[in-house]
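The next block holds one structure in the form of structure tokens; read it before the comments.
As the structure is a computational prediction, the values presented were derived from the model and not from experiment. Lettering follows sequence order; numbering is per chain, from 1.
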2 protein chains.
Amino acid sequence: MGAGRGLRDAVLDRTSPVPLYYQLAQSLETAIRSGRLSSGSHLDNELELARQLRISRPTVRRAIAVLANRGLVIRRHGIGTLVVPVKIRRPVRLSSLYDDLAEAGQAPTTRMLAFETVPVPAEVASSLQVSRGARVLHFERLRMASGQPIALMRNFLPLSLAEIVTEGDLRNTGLYRLLQRGGIHLRLASQSIGARSAQPREAKLLKVPSGSPLLTMRRISYDDAGRSVEYGSHVYPADRYSFEMSVVSDSTT
Amino acid sequence: MGAGRGLRDAVLDRTSPVPLYYQLAQSLETAIRSGRLSSGSHLDNELELARQLRISRPTVRRAIAVLANRGLVIRRHGIGTLVVPVKIRRPVRLSSLYDDLAEAGQAPTTRMLAFETVPVPAEVASSLQVSRGARVLHFERLRMASGQPIALMRNFLPLSLAEIVTEGDLRNTGLYRLLQRGGIHLRLASQSIGARSAQPREAKLLKVPSGSPLLTMRRISYDDAGRSVEYGSHVYPADRYSFEMSVVSDSTT
DNA sequence: GAGGTCAGGTTGTCATTACAACTGGTTTTG
DNA sequence: CAAAACCAGTTGTAATGACAACCTGACCTC
């Protein structure tokens, strides 16, 4: 069955600097999320899509590959491309908690607990690729949403970023947005998620009983050029926070 | 600088059923992991690689795209492709704990606590896409590694898989391997990672103090065809377990 | 010396073409 | 009637060609 009707409207703009394959991927994604392409239905086949949109099949394939990598569709050799059923769809994005909350309409606020330069702690030095004894930027923030504390975040950054990341800016926006504005393009992060009991200070700040379970995340972020940009060690009250992610097995293309 | 010397040996086998781009991706990956391609160095440029290996540039690009998606290399427009520094490299694979442990030489063992069919619990029904009131396969396992309990795993599966997943098999191998052997190809999972305190029964089984922090994971897995295959609800002692993952920002290609 | 300009090299995008491999249903065959 | 063979439809792999966009470093100008 042809499920691609709503797409002929999705005109592709050949003059736009946005690549055609990406324009198509986005219009397919909105079609899926809006329900115009219903769960489990077939996409039109690749040749048909190419014909309809007057683009080549490789371009169509590349657009579909983007969706497949995000887990929105599943390709089946000899069968076709299917829209993934129900409403999974939760990427572990390389994004900031601040933006995620703002997007969800939660009006996040930030309380600065520390902002200083310190000698780099041992376990941070190797991660940040700075020499031992060097000084780094350190700050600690308490993130609130809807009046409730939701995260206690400690970060270490190379001193070279001190111009981009200032105390005032951090009060009003997320770290990742600041970095982006400063021309730092994050590309990769490695993170570790664990749990432990709240220490007294953490418990008090997060307004949970001492000893109650916390989610912990340690993250090291790298930019375009492979430089390490940030070391973060964050804790979240377990009853107010969890990590959602979808995992796709290698589909390559 | 040309860092692709070790690759001319990496002969590509055109008669193999393994795609050329994938053969190349793998030989590049081993070259990187073995250190033959050192951190931060440039890969030979795409045209050069294509010439050396007698394949087309799109095929080279596709191979590099695989590595970029895994976060092993970073492409920079106008610059080249760089090998990612240091030793991050930890995918959240769609794999089983059993295999991961076995791979790490931990000799995992499994203790079956339950294996039965039960009426499907409400919150499982919607996830597994079975009608309410239907019966499903349910089992609970305690996974040990090096003599210590490391995970308490509760799973629900559609009854149709009862032939593939038997009690005896589960004692000796992981669920995912069983499914694969049964012709089920997992493609996608959505999971949620959180934390909470250990209940008395959990604490006893996992040999931790009651009330101590546990990592929790809830996972729903889907196969090729988009059918939901498994609902899993697992808990891990926080001091013996954590999730490692690397996150790559959309690099599309 | 500081700044702008330009050229060369690199990855990014896209079209076109061809064939291989897989799936599911239909037809043929035993 | 059942099993095998075939066929149409679909995605997978690969080559070739062309041009655009981008970055760096060298050169030139002021």
For B:Val229 and B:Leu128 the tightest heavy-atom approach is C-CD2, 4.2 Å
Give the rounded distance in Å between these two atoms: CD of B:Gln23 and P of D:dT13.
12 Å
Whole angstroms only, please: what is the CD1-C1' distance between A:Ile79 and C:dC22?
8 Å
Think B:Tyr21 has a side-chain N or O under 4.0 angstrom from the OP1 or OP2 of D:dA14?
no
Rounded to whole angstrom units, what separation is found between the CD atom of A:Glu48 and the P atom of D:dA8?
19 Å
Look at the side chain of A:Pro19 and decide which nucleotide, out of C:dT13, D:dT11, C:dA15, has an atom nearest to it.
C:dT13
Lys/Arg N to Asp/Glu carboxylate O, B:Glu167 vs B:Arg141, below 4.0 Å:
no
The side chain of A:Arg62 is closest to which nucleotide in this list: D:dT24, C:dG12, C:dT13?
C:dT13
D:dT13 phosphate, OP1 or OP2: any side-chain N/O from B:Arg61 under 4.0 angstrom?
no
Taken to the nearest whole Å, CG/B:Leu49 to P/D:dA15 is 13 Å
Sub-3.5 Å pairs of nitrogen or oxygen atoms, protein against nucleotides 16-21 of chain D:
residue, atom, partner, partner atom, Å
D:dA21, N3, B:His77, NE2, 2.8

Nearest-nucleotide pick for A:Thr81, side chain only, options being D:dT11, C:dC14, D:dA14:
D:dT11
Is a donor from one side chain sitting under 3.5 angstrom from an acceptor on the other, for A:Asp13 and A:Gln23?
no
May I have the distance from A:Arg75 (atom CZ) to D:dT13 (atom C1'), rounded to whole angstrom?
12 Å
Give a yes-or-no answer on whether the side chains of A:Tyr176 and A:Ser221 include a donor-acceptor pair shorter than 3.5 Å.
yes
Without decimals, in angstroms, what is the distance between B:Ile64 CD1 and C:dT13 P?
14 Å
Regarding B:His138 and B:Arg154, do their side chains bring together a donor and an acceptor under 3.5 Å, going by distance alone?
yes
Quick check on D:dG9: is either OP1 or OP2 less than 4.0 Å from any side-chain nitrogen or oxygen of A:Arg76?
no
When A:Leu47 and B:Leu20 are each assigned the nearest nucleotide of DNA chain D, the 5'-most assignment goes to A:Leu47
Side-chain donor-acceptor contact under 3.5 Å, B:Glu230 with B:Tyr222:
no
Could you state the atom-to-atom distance from CZ of B:Arg54 to P of D:dA14 in whole Å?
17 Å
So, A:Thr30 and A:Ser27: side-chain donor and acceptor under 3.5 Å apart, yes or no?
no
To the nearest angstrom, how far is A:Leu82 atom CG from C:dG24 atom C1'?
14 Å
